[in-house]
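Written out below as structure tokens is the structure these notes cover.
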Amino acid sequence: MEQLTVPGELASLKLIAEFVLAEASKVGLDKKASYRLRLAIDEIATNIILYGFHESAQKGDLHLSATTDNSKLEIAIEDSAIPFDPINARQVEATELERPLEERQVGGLGVYLAIQGVDQFRYERVSDRNRNIFVMNLA
Amino acid sequence: MSFTAATEIDNAIATITLTGDLDASSAPVFREQIDIAAQASPKRIVLMASGLDYMASAGLRVLVFANQKLGTDVDIYLVAPQELVLETLQKTGFDQSVIIVDDYDTAIA
């Protein structure tokens, strides 16, 4: 299992992207799937950093781990920020996606892109930690 | 790849060339260029996107900011976005709000 621990700061997004793309490359994910996985993890990591840590004036780390069993690549992010379940967070309504720019509520777009960009997304609250799990099936 | 955004203003058209990875950490750089462009009261914004390798929702937020800052009369053109950047725009409906074209000449015509 590969692991990466980074501080809960926006500057960590680059390291997270490098970690995800390296793991995707190891298991042979194609360019599109790698991009979507990176986008999903980037969006959720951004949420954890901005809303889980910064907005609640907390500090903490993001712990990433990657596992594979030949049929799928699974990457998990764990953090000790306030509980946040993206699946039950405000969902973007289909009508919202059709609105012109001047009427846009931008909140929720990142979570929307994250959840529908991967083959499976799970959220678990384990003791005092959030665990967001992203799964991509291998062809 | 690190993100860059550079603005040129000519004939009331603000052209911003974007390269690299646009995420939440680099979005303020893009937003700053929108601010610079807005000072010239352009009639059109042209975003050169062929070198933009990645865009997160933070980039979409800057597009909304640009629209609010410049007003709805100022069209935003996006020139030659890469396939996966375009996919994000389409999934979120932003392809209906910005004008996506293949080349610069079409954007300034």
Side-chain angles (χ1 to χ4, degrees), chain A residues 6-18 20-21 29-55 86 92-118, chain B residues 1-4 19-31 34 38 44-45 47 49 52-78 81-100:
Chain A
V6 292
E9 301 290 340
L10 288 177
S12 298
L13 292 175
K14 189 170 180 285
L15 290 172
I16 292 171
E18 284 168 4
V20 172
L21 292 174
L29 273 192
D30 68 17
K31 190 184 166 197
K32 244 183 207 184
S34 303
Y35 186 101
R36 288 180 187 146
L37 178 63
R38 181 231 174 142
L39 179 63
I41 293 175
D42 186 35
E43 295 291 355
I44 296 296
T46 298
N47 265 9
I48 296 167
I49 293 164
L50 291 181
Y51 306 111
F53 289 129
H54 287 195
E55 216 166 74
V92 178
E93 303 290 334
T95 51
E96 176 65 23
L97 299 177
E98 291 163 9
R99 283 184 201 279
L101 285 188
E102 63 271 25
E103 293 170 18
R104 280 279 179 153
Q105 305 287 322
V106 285
L109 281 179
V111 168
Y112 169 79
L113 287 170
I115 292 177
Q116 64 86 242
V118 291
Chain B
M1 200 173 95
S2 61
F3 176 74
T4 66
T19 70
D21 290 4
L22 176 52
D23 62 13
S25 69
S26 54
V29 176
F30 182 20
R31 197 178 155 121
I34 295 290
R44 187 174 293 185
I45 295 271
L47 304 172
L52 183 66
D53 299 316
Y54 173 81
M55 186 181 68
S57 65
L60 301 176
R61 282 191 177 77
V62 179
L63 294 177
V64 172
F65 167 76
N67 181 264
Q68 289 166 350
K69 181 104 188 166
L70 295 155
T72 49
D73 293 343
V74 178
D75 286 330
I76 300 174
Y77 284 76
L78 193 68
Q82 293 182 21
E83 183 191 4
L84 295 165
V85 170
L86 181 62
E87 184 181 273
T88 296
L89 292 162
Q90 287 167 338
K91 276 182 183 171
T92 53
F94 275 64
D95 59 326
Q96 302 300 312
S97 301
V98 297
I99 302 165
I100 298 165

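Below, read A as the first sequence line, B as the second, and so on, with proteins coming before strands; counting in each chain starts at 1.
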| note | Okay, A:Leu113 and chain B: the region with an atom under 4.5 Å from a heavy atom over there is side chain
| field | Contact origin within A:Arg36 toward chain B - heavy atom pairs under 4.5 Å | value | side chain
For the atom pair [atom1] ([X]) and [atom2] ([Y]), what is the distance rounded to the nearest 0.5 Å?
| X | Y | atom1 | atom2 | result |
| --- | --- | --- | --- | --- |
| A:Asp42 | B:Asp23 | CG | CG | 5.0 Å |
| A:Leu21 | B:Tyr54 | CG | OH | 9.0 Å |
| B:Arg61 | A:Leu109 | CZ | CG | 6.5 Å |
| A:Leu10 | B:Ser26 | CG | OG | 9.5 Å |

| query | Run the side chain to side chain contact (heavy atoms under 4.5 Å, CB included) check on A:Arg38 and B:Asp21 step by step: do they pass? | reply | CA-CA 12 Å; A:Arg38 181 231 174 142; B:Asp21 290 4; 3.0 Å; yes
| message | Check A:Lys31 with B:Glu83, please: is the shortest side-chain N to carboxylate O separation under 4.0 Å? | response | no
| field | Shortest non-hydrogen contact between A:Tyr35 and B:Asp53, atoms and distance | value | CE1-O, 3.4 Å
| field | Closest heavy-atom pair and its distance - B:Ser57, A:Gly110 | value | OG-CA, 3.5 Å
| task | Output, in order, the C-alpha distance, side-chain angles, deciding distance and verdict of side chain to side chain contact (heavy atoms under 4.5 Å, CB included) for B:Ser25 and A:Lys14. | result | CA-CA 9 Å; B:Ser25 69; A:Lys14 189 170 180 285; over 6 Å; no
| Is it the side chain or the backbone of B:Thr92 that comes within 4.5 Å of chain A heavy atoms, both, or neither? | both
